[in-house]
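A short write-up of the structure that comes next.
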Amino acid sequence: MSLPTKYNPSQSESKWYQYWMDHKMFHAEPDPEKEPFSIVIPPPNVTGVLHMGHMLNNTIQDVLIRKARMEGKNACWVPGTDHASIATEAKVVAMLKEKGIDKESLGREKFLEHAWQWKEKYGGIILEQLKKLGASCDWERTRFTMDKDLSDAVISVFVDLHQKGKIYRAIRMVNWDPKGKTALSDDEVIFKEVRSKLYHIKYQIEGTEEFLTIATTRPETIMADVAICIHPDDERYTHLKGKKARIPLINKPIPIIEDDYVDMEFGTGCLKITPAHDINDYEIGMRHRLEVIDILNDDGTLNDKAQILIGEDRFIARKKIVKLLKGAGQLDREEDYGSNVGHSERTDAVIEPRLSLQWFLKMEDLAQPALKAVMDDTIQLFPPKFKNMYRSWMENVRDWCISRQLWWGHRIPAYYLPNGEYVVAKNKEDALAVANEKFKTSFSLDDLQQDEDVLDTWFSSWLWPISVFDPGYFQTGKKNRDLQYFYPTNDLVTAPEILFFWVARMIIAGYEYTGEKPFKNVYLTGIVRDKLGRKMSKSLGNSPDPLKLIEIYGADGVRTGMLFSSPAGNDLPFDEKLVEQGRNFCNKIWNAFRLIDGWETQASHEKDNEAAINWFENRFQQALEEIEDHFKKFRISDALMAIYKLIWDDFCSWYLEMIKPAFQQPIDQGTKNKTVDFFENLLKLLHPFMPFISEELWQQLGERKDGDAIMLAAWPQLKPYDEKIIMETQQVFEVVSHIRNIRATKGISPKESFQLTINTNNQNLYRSCEGMLRKLANIDALNFKGEVQNSVNFVVKSDEFFIPLEEKIDLDLEKENLEKEIEYTQGFLASVTKKLGNERFVNHAPKEVVEKEKRKMNDAQAKLSILMDNLKKLV
RNA sequence: AGGUCGUUAGCUCAGUUGGUUCAGAGCGCUGCCUUGACAGGGCAGAGGUCACCAGUUCGAGCCUGGUACGACCUACCA
């Protein structure tokens with residue numbers, strides 16, 4: 001036997017991944033004979049590189065898909081990438097900027113060329129990295145949200161929804177990203193606690209020497225003020241009603257109005273109204289029919305409407321205004337103030353509320369079937385606690401701003417006409433035809449101007465579960481074979497952060513376009529955090545490089561490490577220790593293999609091992625039942641832990657130790673065959689979690705033909721098992737533990753064997769397990785009769801055991817231990833007896849519970865009498 | 001500010017319909033063990049008033065109300 005004592009992952013990994021690929025084992029085609037099972041990958045951004053979150057997410061998907069495949073289902077896991085419009089565009093802009101190229105001067109066409117080059121260069125990296133993890137994706141089906149046919153699907157859907165009257169164009173206050181120069185959806189805005197200042201500014205009341213003080217965090221917007229607002233009931237300001245105040249610096253008179261929106265307690269109780277730059281002010285402005293003065297450009301600099309500081313950035317302008325106000329004596333004071341300020345998720349720029357013309361999708365009606373499907377568990381969320389969140393969002397859903405002022409993405413198929421109208425159509429030619437028909441004129445193609453904006457990136461990914469199988473469906477309305485067969489998909493594995501961004505919208509699109517749910521189960525993973533509980537991120541530098549981890553610990557080690565501690569919906573506090581544990585598990589399995597594989601066999605039949613074999617057969621079934629239950633409930637970590645313990649404890653620590661022949665001795669053929677069978681079955685259970693080592697060992701364990709693989713082997717079948725055998729063997733294990741314990745406390749070497757005397761009415765059990773006791777407890781003979789002098793005794797259930805110890809016995813200590821045990825048992829007995837003596841308990845509690853208590857009482861009484869006897873003998 | 005969820009061993013978490021076989025697991029820790037598949041190993045062991053306070057009940061980790069702390073979601077006040 002010349003195998004190394006450590007498993008070498010890197011060799012197996014590349015070898016078996018290639019083997020699976022060569023035999024097209026990941027590929028699935030519709031097959032009416034087989035039950036379909038499909039998962040679509042949450043498409044990672046083309047800009048992305050693999051991070052720990054992807055590792056967790058994709059490992060879970062791989063576990064689910066591999067198990068389904070072994071269960072004989074037609075498993076199809078569709079991979080792909082997302083164009084991620086703003087995220088990618090931001091990166092390309094940054095890359096160009098480094099080269100000294102400006103996006104605007106480059107122009108749309110040229111810029112897109114660069115973006116596509118970027119996509120070609122980096123877009124595939126992340127998928128390649130997934131292969132290292134062992135992901136069994138059907139790579140032939142790899143999709144990209146901007147593939148031609150997927151793009152056509154997006155455009156078709158836009159046209160369709162527009163025709164249905166669900167898409168409209170409107171001027172609204174939107175979240176404006178001055179850095180990305182685009183509107184953002186509410187979901188793309190992150191609020192951060194920012195320390196700022198509250199500036200108290202004095203406005204002069206027109207025609208008087210009196211001043212009125214307002215508090216604002218944004219002094220740079222005073223030039224856009226159109227009114228001062230007070231509370232109608234505020235007596236402090238009653239005398240100002242109907243008067244005007246002058247904006248400092250530009251000296252412009254604005255009316256003082258009343259509105260009960262104002263909080264009299266806050267600040268000075270006076271509010272400046274700046275409709276162009278604040279959502280609430282905008283609403284007040286609408287109520288009072290005030291003018292809207294927008295003093296900002298799209299990049300956040302001041303425009304000429306500001307009258308002063310034109311061209312200055314808003315934050316620089318703020319500082320300068322403060323200085324100017326001070327100089328004018330109109331800054332009353334400034335105080336420190338903490339507030340939540342919205343930031344762009346992608347560019348981190350401070351969001352500017354801004355009025356602009358955007359495209360919207362009406363959500364209220366669309367959301368109804370999607371809300372219902374989750375509430376009635378047609379689609380199940382794991383863990384279900386997310387149902388509440390989902391509901392509150394769907395019930396308060398707001399119209400979705402789907403336009404983005406970007407270039408990278410699906411360009412909005414709206415075409416503007418010289419007459420000021422517009423038409424929506426799949427392409428320019430169609431648009432022309434529609435326009436000419438509608439307006440009874442004859443425009444030419446050159447008259448049509450396509451909308452400059454692109455669609456929100458989620459407007460393509462919400463179609464993903466449909467479009468990856470059949471992008472043409474959105475145009476033809478006819479499902480192709482793939483869509484008919486693989487849709488609805490089975491499981492979706494994703495992060496709760498995008499439950500609304502993506503999951504909810506996929507459900508909406510699913511019902512709107514197929515009338516069906518897009519998936520049955522949604523498994524929500526947590527966030528991978530570091531030991532300090534911080535989210536792992538590039539900027540913090542606290543995220544290990546996943547590929548390096550794989551290199552060091554092996555893909556299987558990393559996969560199991562991540563799964564050891566990640567119940568659904570819970571964050572994963574990542575610790576490299578976990579991955580180390582995963583690697584150690586690999587080595588444990590590897591060494592079990594070395595042991596089994598190294599045994600020479602002989603024909604003789606070893607009866608001693610029958611009990612062990614019988615026990616493990618039953619124990620395996622019991623564990624399998626437990627594992628299946630965990631899977632059913634999407635308790636992936638628990639399923640893994642159950643397998644871990646089955647292999648490490650039950651198989652290695654108990655079973656192998658029981659049947660293991662003495663050093664360099666042969667084993668009987670029958671036992672070896674059984675053991676190899678067991679090991680193969682364990683490897684099968686392991687395979688979804690640890691695909692590489694399980695394949696490696698399975699291939700080595702028997703004669704395999706080319707094209708055989710554990711990944712296609714049949715998942716073990718659940719069979720009935722005998723609980724009694726497991727319980728009784730457990731009892732024998734307890735005896736073994738007692739003996740080991742006595743050895744440990746009395747300082748008896750495990751090498752020193754002795755006879756065990758047993759007082760029992762179940763001799764058969766111990767006779768059949770004699771082999772176990774010999775090997776595990778180093779017993780050289782069992783006696784069933786007779787008194788033992790100078791012995792240490794213990795009791796398991798109602799059986800009594802004696803170990804002869806001669807001079808090693810400390811009588812006082814024995815007595816003390818015995819008394820302790822008696823005391824405990826008496827206490828236990830007393831509580832049970834008391835309970836059974838309580839009439840209300842006996843009358844109220846269910847029969848089984850009372851029966852159980854009675855049994856406990858009887859057991860305790862039996863045990864107690866044995867213990868008392870022993871005590872007498874000692875004294 | 002409102003909502004949802006959580007608080008169980010040093011750490012990370014199980015504990016499904018209330019019933020001392022329910023107070024658990026993994027890791028960590030302590031002691032002992034090294035020619036024997038594996039020291040990245042084996043065996044044995046210690047560790048918890050189940051956040052706190054009331055209540056319901058014959059009986060509460062589990063149910064009810066409240067308090068404290070934490071996480072997330074939604075909204076956001078100048």
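All of these numbers come straight from a predicted model, not from anything done at the bench.
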[X] [atom1] to [N] [atom2]: how many Å, rounded?
X         : N       : atom1 : atom2 : result
Leu656(A) : rG42(B) : CG    : P     : 12 Å
Arg318(A) : rA78(B) : CZ    : P     : 11 Å
Asn591(A) : rG42(B) : CG    : P     : 10 Å
Asn584(A) : rC27(B) : CG    : P     : 10 Å
Glu334(A) : rA78(B) : CD    : C1'   : 16 Å
Glu853(A) : rG19(B) : CD    : P     : 11 Å

Using heavy-atom distances to pick each residue's nearest nucleotide on RNA chain B, tell me which of Met264(A) and Ser737(A) is more 5'. Ser737(A)
How do Pro750(A) and Asp649(A) order along RNA chain B: which one's closest nucleotide is nearer the 5' end? Asp649(A)
Contact class for [X] vs. all strands (heavy atom < 4.0 Å): base, sugar-phosphate, or nothing?
X         : result
Arg398(A) : sugar-phosphate
Lys6(A)   : base
Glu580(A) : nothing
Thr268(A) : nothing
Phe564(A) : nothing
Ser653(A) : sugar-phosphate
Asn396(A) : nothing
Val262(A) : base

Roughly how many Å apart are [M] and [N], using the [atom1] atom of each and rounding to a whole number?
N       : M       : atom1 : answer
rA23(B) : rC32(B) : P     : 32 Å
rA68(B) : rA75(B) : C1'   : 25 Å
rU4(B)  : rU67(B) : P     : 14 Å
rG48(B) : rG61(B) : C1'   : 12 Å
rG65(B) : rU56(B) : P     : 15 Å
rA25(B) : rG47(B) : P     : 14 Å
rG28(B) : rG42(B) : P     : 11 Å
rC22(B) : rG3(B)  : P     : 38 Å

Taking atom types as they are modelled, is there a donor-acceptor pair under 3.5 Å from the base of rC38(B) to the side chain of Lys588(A)? yes
Would you mind building the protein contact string for nucleotides 1-14 of chain B? One character per nucleotide, 5' to 3', B for base within reach (heavy atoms under 4.0 Å), S for sugar-phosphate only, - for untouched. ---SS------SSS
Counterpart base for [N], defined by Watson-Crick or G-U wobble contacts under 3.5 Å:
N       : result
rU17(B) : none
rA51(B) : rU67(B)
rA44(B) : rU30(B)
rG36(B) : none
rA23(B) : none
rA1(B)  : rU74(B)

Heavy-atom check, side chain of Asp278(A) versus side chain of Arg218(A), under 4.5 Å: no
Are [X] and [N] close enough that a side-chain N or O sits under 4.0 Å from OP1 or OP2?
X         : N       : answer
Trp648(A) : rG42(B) : yes
Ser749(A) : rC33(B) : no
Arg594(A) : rA37(B) : no
Asn741(A) : rC43(B) : no
Lys660(A) : rA37(B) : yes
Asn280(A) : rC77(B) : yes

Per the side chain to side chain donor-acceptor pair (under 3.5 Å) rule, which among Thr675(A), Asn609(A), Asp650(A) passes with Tyr655(A)? Thr675(A)
Aromatic ring proximity Tyr7(A)/Phe593(A), centre distance under 6.0 Å: no
Please check if the distance between the ring centroids of Phe651(A) and Phe678(A) is under 6.0 Å. no
If you measure from the Lys or Arg side-chain nitrogens to the Asp or Glu carboxylate oxygens, is any gap between Lys535(A) and Glu497(A) under 4.0 Å? yes
Would you call Arg534(A) and Asp530(A) a salt bridge, taking side-chain N to carboxylate O under 4.0 Å as the test? yes
Which nucleotide in [options] has an atom nearest any side-chain atom of [X]:
X         : options                   : result
Tyr261(A) : rC43(B), rA37(B), rA78(B) : rA78(B)
Ile279(A) : rC77(B), rC27(B), rC58(B) : rC77(B)
Glu657(A) : rA37(B), rG41(B), rG19(B) : rA37(B)
Met641(A) : rG26(B), rA37(B), rU16(B) : rG26(B)
Tyr644(A) : rA75(B), rG26(B), rG36(B) : rG26(B)
Arg529(A) : rC72(B), rG45(B), rG36(B) : rC72(B)
Asp263(A) : rU74(B), rG26(B), rA78(B) : rA78(B)
Cys652(A) : rA37(B), rA44(B), rA25(B) : rA37(B)

List the steps, then state whether side chain to side chain donor-acceptor pair (under 3.5 Å) holds for Glu258(A) with Tyr237(A). CA-CA 10 Å; Glu258(A) 301 162 57; Tyr237(A) 302 117; over 6 Å; no
Measure the spacing between CG of Asp377(A) and CD of Gln380(A) and express it to the nearest 0.5 Å. 5.0 Å
If only atom types and distance count, is the side chain of [X] paired as donor or acceptor with the main-chain N or O of [Y] below 3.5 Å?
X         : Y         : value
Asp638(A) : His630(A) : no
Arg743(A) : Glu752(A) : yes
Asn591(A) : Thr5(A)   : yes

Which label fits rG47(B), syn or anti, where anti is any glycosidic angle not within 90° of 0? syn
Looking at Ile552(A), Leu578(A), Leu549(A), which one forms a side-chain contact (heavy atoms from CB on, under 4.5 Å) with Val558(A)? Leu549(A)
